[in-house]
Amino acid sequence: MNFLSWQFALFLALAAAAAYRLPGRWRAVWLLAASAFFYLTWGADHLALLAVCGLAGYAGGRGMQPAEGRARQAWLALGLAVPLGLLALFKYFDFLAGAAEDLLGLAGMAWRLPRLGLALPAGISFYTFLLAGYLLDVYRRRVQPETGVSVFALFVSFFPPLIAGPIGRAGRMLPQFQAGRQALPVEMTAGLRLILWGVFKKLVIADRLSLYVNAVYSQPAGAHPLQVLLATYFFAFQIYCDFSAYSDIAIGAARLLGFDLMQNFRRPYLATSIQEFWGRWHISLTTWFRDYLYLPAVRARMAGGGDPARLKLTDYHIVLIFLLSGLWHGAGWTFILWGGLHGLYLLAANWRAALSVRLGRAAQPPQGWRRALAMLLTFHLVLLTWVFFRAASVGEAAMLIGSLTDWSGFPGLDVILGPLGAAGFALALAGVALLFAVEIWIERRGAADFDDALAGLGAPARWAAYYGLAALTLLFGVFAESTFIYFQF
């Protein structure tokens with residue numbers, strides 16, 4: 001069920017209305033049934049797989065409750081093995097088989113390994129990490145294992161973030177499900193504001209930009225470097241508006257039902273460093289890797305002794321974590337290179353910071369024109385990595401980057417405008433400009449997000465914003481059948 005369909009709008013309205021009216025005891029039952037129905041629309045086999053993963057997570061958590069030592073580790077391994085094993089089977093088996101064939105070929109062995117050709121279940125990357133985080137939190141005694149079957153089932157299957165996040169944390173979400181929260185009118189209003197902003201970003205900005213991006217990246221060999229450059233800029237804003245739109249709609253839908261999900265984006269293209277970018281982009285995944293993989297690895301190295309500054313210079317874990325992040329996004333070398341580049345960026349930033357400390361130069365946040373320059377540099381470093389993320393193969397990514405070195409000849413205006421035409425191209429640029437204007441406004445107000453900034457305005461300004469966004473969406477939205485980019489992950 002697509003978030004942008006009238007079916008979902010009707011479903012969400014009914015789910016929210018009933019959840020608001022039902023008493024706490026029945027509200028959880030209703031939400032669990034609604035979540036099961038939502039996921040059932042993706043396929044009965046998808047729901048069965050989710051149930052199997054959920055049962056493994058529940059059993060692992062309960063088994064760890066009285067266990068100690070190796071028994072506790074065994075229950076953790078059992079709970080993790082099922083969701084992570086299924087994720088590996090569905091998402092990575094064919095890719096690893098192909099990689100193994102390539103390695104065998106280099107050794108002179110022409111072996112053909114089997115392929116499964118399995119379709120990736122909707123949301124499996126997200127609910128697998130949700131379960132893994134829960135089990136690791138229980139193992140480290142950060143949260144108590146959930147004993148209520150219905151509460152745990154709702155924690156795993158809650159439909160707003162199920163398909164593409166934000167990835168929830170047990171310490172944040174389980175208490176809300178245990179309390180059986182009811183949405184307050186102010187929360188429902190806030191939820192509707194976020195949904196409206198998300199729908200606008202998806203239909204007016206992301207889906208229009210995708211028309212140009214798809215045309216260029218589907219035929220890289222014949223693209224002029226100016227087209228490649230424009231398409232890559234457009235993709236940077238397409239993927240941001242597309243994914244942050246899903247997150248806004250998910251967070252807004254959860255608020256309509258009385259629940260508070262974590263913020264997933266915080267104006268990432270206003271970052272002045274790669275570190276700051278990753279503190280603003282896909283926050284739920286970034287913090288997941290930080291808390292469950294990176295920090296434990298760093299603490300283990302620190303426990304072995306050594307100079308912290310020297311450890312920072314040899315912080316290879318950060319590259320490994322971003323290689324895994326790339327692999328999480330997709331079973332392909334383009335995603336691995338995308339993650340590896342970000343890992344190298346961060347390692348270089350660590351070296352620069354360590355050198356500044358050794359030279360006695362305390363790092364200061366850039367101000368004025370230096371801030372603007374740092375923002376532009378950070379954006380373009382990220383922009384380079386988006387070529388690998390979007391390209392169909394490493395060869396095509398290299399072809400696209402290589403084409404930027406040959407500016408001989410200049411295409412006609414109709415070629416530059418591509419499938420958008422003059423009017424569509426102007427609308428695309430206007431959409432990006434409006435996005436920047438709104439995000440700078442939010443940043444300067446010191447607000448958490450669009451809803452927080454809008455809530456601080458007077459009623460006339462708020463209603464003007466509501467009607468303005470709705471009118472712009474109806475007039476300039478691209479209403480062709482489309483899905484969210486992160487659904488494929």
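Quick note: residue numbers are just sequence positions, from 1.
Not a single donor-acceptor pair under 3.5 Å links the side chain of Arg181 to the backbone N or O of Leu257. In terms of modelled atom types and a separation under 3.5 Å, the side chain of Trp288 and the main chain of Phe129 share a donor-acceptor contact. When atom types are taken as modelled, the side chain of Thr334 and the backbone of Ser393 share no donor-acceptor pair closer than 3.5 angstrom. Side-chain atoms of Arg255 do not come within 3.5 Å of backbone N or O of Met188 as any donor-acceptor pair. Side chain of Tyr233 to backbone of Val228: no donor-acceptor contact under 3.5 angstrom is found. A donor-acceptor contact shorter than 3.5 Å links the side chain of Ser5 to the backbone of Asn2. Although no hydrogens or angles enter the test, the distance criterion places no donor-acceptor pair under 3.5 Å between the side chain of Gln219 and the main chain of Ala215. Using modelled atom types, no side-chain atom of His317 and backbone atom of Tyr294 make a donor-acceptor pair closer than 3.5 Å. A donor-acceptor contact shorter than 3.5 Å links the side chain of Trp30 to the backbone of Ala15. Judged by distance alone, with hydrogens and angles left aside, the side-chain atoms of Asp452 form a donor-acceptor pair with the main-chain N or O of Ala448 at under 3.5 Å.
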* Asked: So Leu420 and Leu209, side-chain contact (heavy atoms from CB on, under 4.5 Å) or not? Walk me through it.
  -> CA-CA 9 Å; Leu420 294 179; Leu209 294 174; 5.7 Å; no
* Apply side-chain contact (heavy atoms from CB on, under 4.5 Å) to Leu12 and Ile195, showing your working. => CA-CA 11 Å; Leu12 179 60; Ile195 291 172; 4.0 Å; yes
* Asked: Given Arg27 and Tyr20, is the side-chain hydrogen bond (donor to acceptor under 3.5 Å, both in side chains) satisfied, shown in steps?
  -> CA-CA 8 Å; Arg27 191 178 303 121; Tyr20 184 75; over 6 Å; no
* Any chance you could lay out the side-chain contact (heavy atoms from CB on, under 4.5 Å) test for Tyr292 and Asp137, step after step, and finish with the verdict? => CA-CA 9 Å; Tyr292 296 114; Asp137 282 341; 2.8 Å; yes
* Evaluation steps, side-chain contact (heavy atoms from CB on, under 4.5 Å), between Phe155 and Leu130 -> CA-CA 9 Å; Phe155 166 67; Leu130 173 77; 3.5 Å; yes
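By the neighbour-count criterion of 12 heavy atoms within 6.0 Å, atom CZ of Arg140 is densely surrounded, having more than that number from other residues, nucleotides or ligands. The number of heavy atoms from other shown groups lying within 6.0 Å of CH2 (Trp463) does not exceed 12. Around the OH atom of Tyr466, the shell of radius 6.0 Å holds more than 12 heavy atoms that belong to other residues, nucleotides or ligands. More than 12 heavy atoms of other residues, nucleotides or ligands shown are found within 6.0 angstrom of CZ on Phe479.
By the 30° and 60° cut-offs, the orientation of the rings of Phe38 relative to Phe8 is perpendicular. Between His342 and Tyr345, the ring planes are perpendicular. Angles over 60° get that label, and only those under 30° would be called parallel. Classified by interplanar angle (parallel below 30°, tilted 30° to 60°, perpendicular above 60°), the ring pair Tyr217/Phe235 is tilted.
Between Gly198 and Ala245, the shortest heavy-atom contact is O-CB, 3.1 Å. Nearest heavy-atom pair across Lys91 and Ala331 is O-CB, 3.2 Å. Between Pro121 and Phe90 the shortest heavy-atom distance is CD-CD2, 3.5 Å. Considering every non-hydrogen atom in both Leu87 and Ser125, the closest pair reads CD1-OG, 3.8 Å. For the residue pair Ser284 and Met262, the shortest heavy atom distance occurs at CB-SD, 3.5 Å. Nearest heavy atoms, His46 versus Leu120: CE1-O, 4.3 Å.
For the pair Val382 and Trp386, the minimum side-chain heavy-atom distance is below 4.5 Å. Contact of the Phe234 side chain with the Ile239 side chain is not registered, since no non-hydrogen atoms from C-beta on lie closer than 4.5 Å. Residues Leu50 and Ser157 have side chains in contact (heavy-atom distance under 4.5 Å, counting atoms from C-beta outward). Within the 4.5 Å cutoff, the side chain of Val138 has no heavy atoms near those of the Gln65 side chain. Residues Asn264 and Ile167 fail the side-chain proximity criterion, which asks for heavy atoms closer than 4.5 Å. You'll find the side chain of Leu285 reaches within 4.5 Å of the side chain of Ser325, heavy atoms only. Residues Asp248 and Phe450 have side chains not in contact (no heavy-atom distance under 4.5 Å, counting atoms from C-beta outward). Looking at heavy atoms from C-beta onward, Leu469 lies out of side-chain contact with Val199 at the 4.5 angstrom threshold.
The distance between the ring centers of Phe159 and Tyr39 does not fall below 6.0 angstrom. You'll find the ring centres of Phe237 and Phe379 inside the 6.0 Å limit. In this structure, the ring of Trp328 has its center no less than 6.0 angstrom from the ring center of Trp338. A centroid separation of less than 6.0 Å is found between the aromatic rings of Phe487 and Phe484. Between Phe158 and Phe177, the distance separating the two ring centers is shorter than 6.0 angstrom. The distance between the ring centers of Trp333 and Phe95 falls below 6.0 angstrom.
Using a 4.0 Å cut-off between charged nitrogen and carboxylate oxygen, Arg141 and Glu68 count as a salt-bridge pair. With respect to Asp242 and Lys202, a salt bridge is recorded, a charged nitrogen being found less than 4.0 Å from a carboxylate O. Between Arg115 and Asp94 there is no salt bridge, since no side-chain nitrogen of the basic residue lies less than 4.0 Å from a carboxylate oxygen of the acidic one.
Every side-chain hydrogen bond (donor to acceptor under 3.5 Å, both in side chains) that Arg267 has, sequence neighbours left out, goes to Glu443. Listed by chain and number, the residues in a side-chain hydrogen bond (donor to acceptor under 3.5 Å, both in side chains) with Arg72 amount to none (sequence neighbours excluded). With sequence neighbours left out, Glu276 forms a salt bridge (charged side-chain N to carboxylate O under 4.0 Å, His left out) with Arg280.
Side chains of Tyr486 and His329: a donor-acceptor N/O pair is present below 3.5 angstrom, by distance only. Counting only N and O atoms by type, the side chains of Gln178 and Glu146 include a donor and acceptor under 3.5 Å apart. No side-chain donor-acceptor contact under 3.5 Å links Thr378 and Tyr269.
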